[in-house]
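Encoded as structure tokens, the structure appears first; notes follow it.
Note that the structure is a prediction, hence the values are computed from the model and not measured.
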Amino acid sequence: SDTRPKDVVDENEFSSTINGSERHYKVNSVSISESPSEGTMHIISDISKIKGKVKDLEVAQQISSRILRHNVKNKLTPIMGYADMIDSEEYSDKISESAESLAETSNKALELNRCIANPSSVVSSDLSKTVRNVVNQSKNDVSVCCKGSDFKATVPENMDMIVKECIDNSVQHNSKTDIDMRFNLKEEDSNVVITYTDDGSGVPRDEIEVLERMEETDLKHSTGCGVWMMKWMIESAGGEFDIWNDDGAVVQMRLEKSNS
């Protein structure tokens, strides 16, 4: 007669670090009772991607909740307060600034949730052209330096949004009006590396710690969701994303070269 698994007797999960990366596995133990193969069969499945997806969704929910609870509330307060004084041009300008900031924050929160729920498709693109196109359309003075000849890489299809977000973050989170902003592109083995720098006040330490832990708390949370969006989009395309301070903010993205 056929040997068929009769019932699942146990399910366990475990993790292991392989080449510096934590992997998660699920073990299904299935009872086999047909002679002559009686016993238990163990099936091990790699569930690392599922675990990562669950973690991403949990953090996205934390960020969305915090934005609606904290950022939106704080921006709505001056809108409502100044509305009674609309006859003053000064107050009218403040209302407009707060409303625009609120709308932008809300849009980024929606885009973040969309990125997590439905990762964007990947495409082959010349990163030097993508960066230069965004810079040319920007109202800000941004320099671009390319070292190499082949900058075609596998990237999120909305890579231009990520490049623009780098510039927007520098402008929005620095009081200086003459920020030095630079994109440096280089070939490194089988990757294209984009390093963006500015000479502003840098990234708050709490922000960096939240990204490193991939978790928010009441006392330590990010001030927005633009950096989260960049990180998830780059990593969903198989790339690497890092951010740190060095006489200003540094954002580095490493993307695999494309042959097509």
Side-chain angles (χ1 to χ4, degrees), residues 3-33 37-67 109 111-122 153-156 159 162 188-194 203-245 250-258:
T3 301
R4 298 187 179 91
K6 292 300 182 182
D7 59 294
V8 176
V9 297
D10 193 19
E11 289 187 4
N12 290 296
E13 294 181 9
F14 69 95
S15 61
S16 177
T17 300
I18 302 175
N19 296 326
S21 177
E22 186 177 28
R23 308 294 299 180
H24 299 273
Y25 301 91
K26 183 174 183 179
V27 181
N28 289 333
S29 300
V30 182
S31 174
I32 300 175
S33 57
S37 303
E38 294 183 349
T40 303
M41 178 172 62
H42 302 286
I43 304 170
I44 301 177
S45 305
D46 188 335
I47 58 171
S48 301
K49 288 186 177 181
I50 297 174
K51 283 285 188 180
K53 192 73 170 179
V54 170
K55 181 68 173 178
D56 285 348
L57 290 171
E58 288 174 350
V59 177
Q61 184 179 24
Q62 291 175 5
I63 296 172
S64 298
S65 176
R66 185 261 307 161
I67 287 174
E111 182 63 24
L112 173 62
N113 281 329
R114 189 196 67 78
C115 290
I116 297 299
N118 301 292
S120 62
S121 301
V122 296
T154 301
V155 304
M159 184 69 198
I162 298 173
E188 192 173 277
D189 299 326
S190 60
N191 300 302
V192 176
V193 180
I194 303 177
V203 185
R205 183 59 205 167
D206 282 357
E207 188 105 15
I208 295 176
E209 289 180 1
V210 168
L211 285 169
E212 290 173 345
R213 289 197 317 270
M214 287 297 290
E215 182 179 31
E216 291 204 331
T217 67
D218 289 340
L219 295 179
K220 291 189 176 182
H221 57 73
S222 59
T223 55
C225 55
V227 176
W228 286 98
M229 183 175 68
M230 290 191 289
K231 175 180 173 65
W232 273 315
M233 290 170 69
I234 291 296
E235 292 182 351
S236 70
E240 298 176 13
F241 179 92
D242 201 4
I243 185 169
W244 68 89
N245 290 318
V250 182
V251 176
Q252 189 170 84
M253 296 165 279
R254 187 181 302 271
L255 291 149
E256 188 175 353
K257 280 188 175 182
S258 170

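Note: Met159 CE to Met230 CE = 9.5 Å, rounded to the nearest 0.5 Å. Here Ser15 contributes atom OG and Lys26 contributes atom NZ; the two are 15.5 Å apart, rounded to the nearest 0.5 Å. Interatomic distance, Ser45 OG to His24 NE2, rounded to the nearest 0.5 Å: 14.5 Å. Between atom NZ of residue Lys231 and atom CD1 of residue Ile243 there is a gap of 10.0 Å, rounded to the nearest 0.5 Å. Considering CD1 of Ile44 and OH of Tyr25, their distance stands at 9.0 Å, rounded to 0.5 Å. Atom CE of Met229 is separated from atom CD1 of Ile162 by 7.5 Å, given to the nearest 0.5 angstrom.
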Determine, step by step, whether Gln252 and Ile194 satisfy the side-chain contact (heavy atoms from CB on, under 4.5 Å) criterion, reporting the C-alpha distance in whole Å, the side-chain angles of both residues, the deciding distance to 0.1 Å, and the verdict. CA-CA 6 Å; Gln252 189 170 84; Ile194 303 177; over 6 Å; no

Should Val193 and Glu240 be marked as a side-chain contact (heavy atoms from CB on, under 4.5 Å) after you check the CA-CA gap, both sets of side-chain angles, and the distance that decides it? CA-CA 9 Å; Val193 180; Glu240 298 176 13; over 6 Å; no

side-chain contact (heavy atoms from CB on, under 4.5 Å) between Val203 and Trp244, intermediate numbers included: CA-CA 7 Å; Val203 185; Trp244 68 89; over 6 Å; no

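Just one of Val122, Asn191, Ile234 meets the side-chain contact (heavy atoms from CB on, under 4.5 Å) condition when paired with Leu255; it is Ile234.
You'll find the side chain of Arg23 reaches within 4.5 Å of the side chain of Asp46, heavy atoms only.
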